Amino acid sequence: MSDAAGEPRVVVAADPAALADAAAAIVRRGIARAIEARGACHLALAGGRTPKGVYERLAAAGDPAIDWTRVHAAFGDERFVPPDHPESNYAMARAALLDRVPVPPTQVLRVRGESQDVEAAADAYGASLATAFGLAAGAWPVFDIVLLGIGADGHTASLFPHTPVLHERRRIAAAVEAPVTPSRRVTLTFPVLNAGRAVLILASGADKAPAVARALAPEGDADATPVRAIRPAAGTLTWLLDAAAAAALPPRAADAGRG
Ligand code: 6PG
């Protein structure tokens, strides 16, 4: 987790499988701690390919055991496609995890990608989170664990370089037009992601190494590398990398805690 100065912790695993093992162990401990402390755990799940192995490992029995009936899941972002579409983040998480553990369906919040109006879907998703968290007006949902990935361009969730949503400070979720397909998406905004108690950014593969190095450099432009703006206000930030994704980091950037 972040160190005392609030600097991110960087954990480097040898390869994608070791990364998934390390990430699953950290998430499993985080879920157990949240349930012990507050009787429930609110997870914001990442999309894309990287987290699939983590979800599969979480679905398997492990230590500590997880009382999934106390887990609530939502998504950091979603492609605006139907929930059974091969590009749906919900479909991926459902197959890898949610259909394999007893999380009550009423505790899984997703973007209605099957609807016709992406702006309305973003508003509805934000409203469903506000209700689920019992928010007062203007408050942000505080996830216990926020899982994120990073694109080779330095985006995270669907917060892409040089897009207006990077500066959204009022809405919980927003509709965006991404420079990749599927282009229509809904994303949580930075205030929500940075409200997380424990934020974990996963990166695997050599193609991510330049963006990881830009993200962790002392100086840089968050509009060009949006993941730089992931700076939890009070929570912890942990980067979970495999060796290929960490390859462009200066030698001391990785903690001794190599996973
Ligand atoms: C998405 C994700 C996105 C993803 C990165 C990395 O909907 O695509 O939320 O932010 O985390 O693009 O994707 P990979 O893990 O597939 O490399």
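Model, not experiment: these values are computed from the prediction. Atoms within a ligand are numbered from 1 in the order they appear, just like the ligands themselves.
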Give a yes-or-no answer on whether the side chains of Thr189 and Glu168 include a donor-acceptor pair shorter than 3.5 Å. no
Over-ring placement of Arg110 relative to Tyr90, 6.0 Å and 45° cut-offs: yes
Which atoms of ligand 1 have any heavy atom of Arg185 under 4.0 Å away? 1 (C), 7 (O), 8 (O)
Taking atom 14 (P) of ligand 1 as the reference point, the nearest protein heavy atom with its distance: Arg49 N, 3.5 Å
Numbering as shown, the atoms of ligand 1 that approach Lys208 to under 4.0 Å (heavy-atom distance): 6 (C), 14 (P), 17 (O)
Closest to atom 3 (C) of ligand 1 (heavy atoms only, candidates Gly48, Ala157, Gly76) is Ala157
Could you check whether Asn194 and Arg231, counting side-chain N and O atoms only, form a donor-acceptor pair closer than 3.5 Å? no
Take atom CZ of Arg100 as the centre, draw a 6.0 Å sphere, and report whether it contains more than 12 heavy atoms from other residues, nucleotides or ligands. yes
Any nitrogen or oxygen of Arg79, main chain or side chain, under 3.5 Å from a nitrogen or oxygen of ligand 1? yes
Ligand 1 atoms nearer than 4.0 angstrom to some heavy atom of Asn89 are 1 (C), 7 (O)
Which of parallel (below 30°), tilted (30 to 60°) and perpendicular (above 60°) describes Phe133 and His42? tilted
Closer than 4.0 Å to some heavy atom of Gly149 - which atoms of ligand 1 meet that? 11 (O)
No-hydrogen, no-angle side-chain donor-acceptor test under 3.5 Å, Asp77 and Thr187: no
Taking atom types as modelled and ignoring hydrogens, do the side chains of His72 and Asp144 form a donor-acceptor contact shorter than 3.5 angstrom? no
Test Arg185 against every option in Val180, Val81, Val111 by the side-chain contact (heavy atoms from CB on, under 4.5 Å) rule and name the one that passes. Val180
Heavy-atom pairs closer than 4.0 Å: do any link ligand 1 to the side chain of Ile150, the backbone, both, or neither? backbone
With backbone taken as N, CA, C and O and side chain as the heavy atoms from C-beta onward, which portion of Thr50 lies under 4.0 Å from ligand 1: side chain, backbone, both, or neither? both
Tell me which protein heavy atom sits closest to atom 9 (O) of ligand 1, plus the residue, atom name and distance to 0.1 Å. Asp77 OD1, 2.5 Å
Look at atom 5 (C) of ligand 1 and say which protein heavy atom is nearest, naming residue and atom and giving the distance to 0.1 Å. His155 NE2, 3.5 Å
